[in-house]
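To start, the structure under review is shown below, and the notes come after it.
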Amino acid sequence: MTDNGRVAGRVVIVTGAARGIGAGIARALAGEGASVVVADINEAEATETARSIADEGGTALAVGVDVTQRAQVQALIRRAVDEFGALHVLFNNAGISRPEAFLDITEDSFRRIMEVNGLGVLIGMQEAVRQFTTQGAGGKIVNTASIAARQGFPDFAHYCASKAAVVSLTQAGARSFASLRVTVNAFAPGVVSTPLWEDLDRVLAERDHKPAGQAMAEFSEGILVGRPATPEDIAPVALFLASADSDYITGQVVMVDGGMVLV
């Protein structure tokens, strides 16, 4: 790994980093010199991801966390600071999704998705800003939004609502924390080849009696570049938002969807 990368010397927490987009971001950050905290509710998988980063010469620490529990998020940040001395960037990436027809969404399923995808982001932002304020040197927050924040999809109404909340929290946070020298931005992926999308495809295939892969293929039809993303397609934008190159950007949502949604 490099000592003079774009995020060299920075301490970065990435939630939901055991696999998928989060793991890709964590690896890219470590490759550019950051000390990365791989945070996930699945601590065993987070440990494996952190170990693979260390095996490649990076610096990574795994921490188990439920982002809906404030005490656990506070403990996560304390652990990062105790281990690496400070916190410079928080990626609120943890999120869940499950396809359900609009009329089938229950109060419990709506609450669960909103708790993880919305409340989890709120808590993370609040606790990160408190740590940044203690340090007195500003900081960066990067939230994972989605194309689902920009338009509604019939099988994902509750997920769309939760990601629209992420956009609103990003904008409100940018205005709230600018005087503290804290920037708040988000990126919005579309269809990404990750275990999450594989799970969504499987559920839709079973429900609608479709072949495996068909649901994902149908969602991908409108991608202008002609293919779903990989975590490696997302990582460069994440690096940019974590680095000094984005210091003059706040309150923005960067679409990283291959041209699937034009806004």
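Atoms CD and CD, from Gln72 and Glu127 in turn, are 12.5 Å apart once rounded to the nearest 0.5 Å. Expressed to the nearest 0.5 Å, how far OG1 of Thr49 lies from CZ of Arg19 amounts to 10.0 Å. Interatomic distance, Asp108 CG to Ile113 CD1, rounded to the nearest 0.5 Å: 12.0 Å. One finds the NE2 atom of His158 at 10.0 Å from the CG atom of Asn117 (value rounded to the nearest 0.5 Å). Put simply, CZ on Arg10 and OG on Ser35 are 12.5 Å apart, with the number rounded to the nearest 0.5 Å. Atom-to-atom distance recorded for Ser97:OG and Leu196:CG is 6.0 Å, nearest 0.5 angstrom.
At least one side-chain heavy atom of Val37 sits under 4.5 Å from a side-chain heavy atom of Leu76. At a threshold of 4.5 Å between non-hydrogen side-chain atoms, the residues Val65 and Ile41 do not count as touching. Taking the side chain as every heavy atom from C-beta outward, Leu90 and Val142 never approach each other to under 4.5 Å. A 4.5 Å side-chain heavy-atom check between Pro231 and Thr194 finds at least one atom pair inside the cut-off. The shortest side-chain heavy-atom distance between Asn93 and Ile21 falls under the 4.5 Å cut-off. Inter-residue side-chain proximity for Leu87 and Ile13 is flagged as met; some heavy-atom pair is nearer than 4.5 Å. Between Phe91 and Thr15 the shortest side-chain heavy-atom distance does not fall below 4.5 Å.
Membership of the apolar cluster around Leu262 extends to Leu224, as traced through chained side-chain contacts below 4.5 Å between ILVMFWY residues. Side-chain heavy-atom separations under 4.5 angstrom define the hydrophobic clusters, and Val203 shares its cluster with no other residue. Counting Ile, Leu, Val, Met, Phe, Trp and Tyr side chains that sit under 4.5 Å apart, directly or through other members, Met114 shares a hydrophobic cluster with Ile105, Phe110.
In this structure, Ser168 contributes its side chain and Ala165 its backbone to no donor-acceptor pair below 3.5 Å. Remark: the backbone N or O of Ala18 is paired with a side-chain donor or acceptor of Asp40 at under 3.5 angstrom.
Residue pairs meeting the side-chain hydrogen bond (donor to acceptor under 3.5 Å, both in side chains) criterion with at least one partner in residues 78-90, sequence neighbours excluded, do not occur; the list is empty. Judged as a side-chain hydrogen bond (donor to acceptor under 3.5 Å, both in side chains), the pairs with a partner in residues 134-143 (not counting sequence neighbours) are, in order, Asn92-Asn143, Gln131-Gln135, Lys140-Ser246, Lys140-Asp247, Asn143-Thr170. Listed by first then second residue, pairs satisfying salt bridge (charged side-chain N to carboxylate O under 4.0 Å, His left out) with a partner in residues 216-228 read Lys210-Glu218, Arg227-Asp233, not counting sequence neighbours. Applying the salt bridge (charged side-chain N to carboxylate O under 4.0 Å, His left out) test to pairs two or more places apart or on separate chains, those with a residue in residues 144-163 are Asp155-Arg207. Residue pairs that meet the side-chain hydrogen bond (donor to acceptor under 3.5 Å, both in side chains) test with at least one member in residues 171-191, sequence neighbours left out, do not exist here. Listed by first then second residue, pairs satisfying ring pair (Phe, Tyr, Trp, His ring centres under 6.0 Å) with a partner in residues 119-156 read Phe153-Phe219, Phe156-Phe219, not counting sequence neighbours.
Every residue two or more places apart in sequence or in another chain was checked for a ring-ring contact (aromatic ring centres under 6.0 Å, His included) with Phe240, and none qualifies. Listed by chain and residue number, Ala101 satisfy the side-chain contact (heavy atoms from CB on, under 4.5 Å) test with Asp104 (two or more places apart in sequence, or in another chain). In this view, Ala145 and Val166, Val167, Ala186, Ala188, Val253 satisfy the side-chain contact (heavy atoms from CB on, under 4.5 Å) rule, not counting sequence neighbours.
With respect to Arg202 and Glu198, no salt bridge is recorded, no charged nitrogen being found less than 4.0 Å from a carboxylate O.
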### Message
Checking Ser109 against Thr106 for the side-chain hydrogen bond (donor to acceptor under 3.5 Å, both in side chains) test, could you report, in this order, the C-alpha distance in whole Å, the side-chain angles of both residues, the deciding distance, and whether it holds?
### Response
CA-CA 5 Å; Ser109 62; Thr106 66; 3.2 Å; yes
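In Arg70, the CZ atom is crowded: over 12 heavy atoms of neighbouring residues, nucleotides or ligands sit closer than 6.0 Å.
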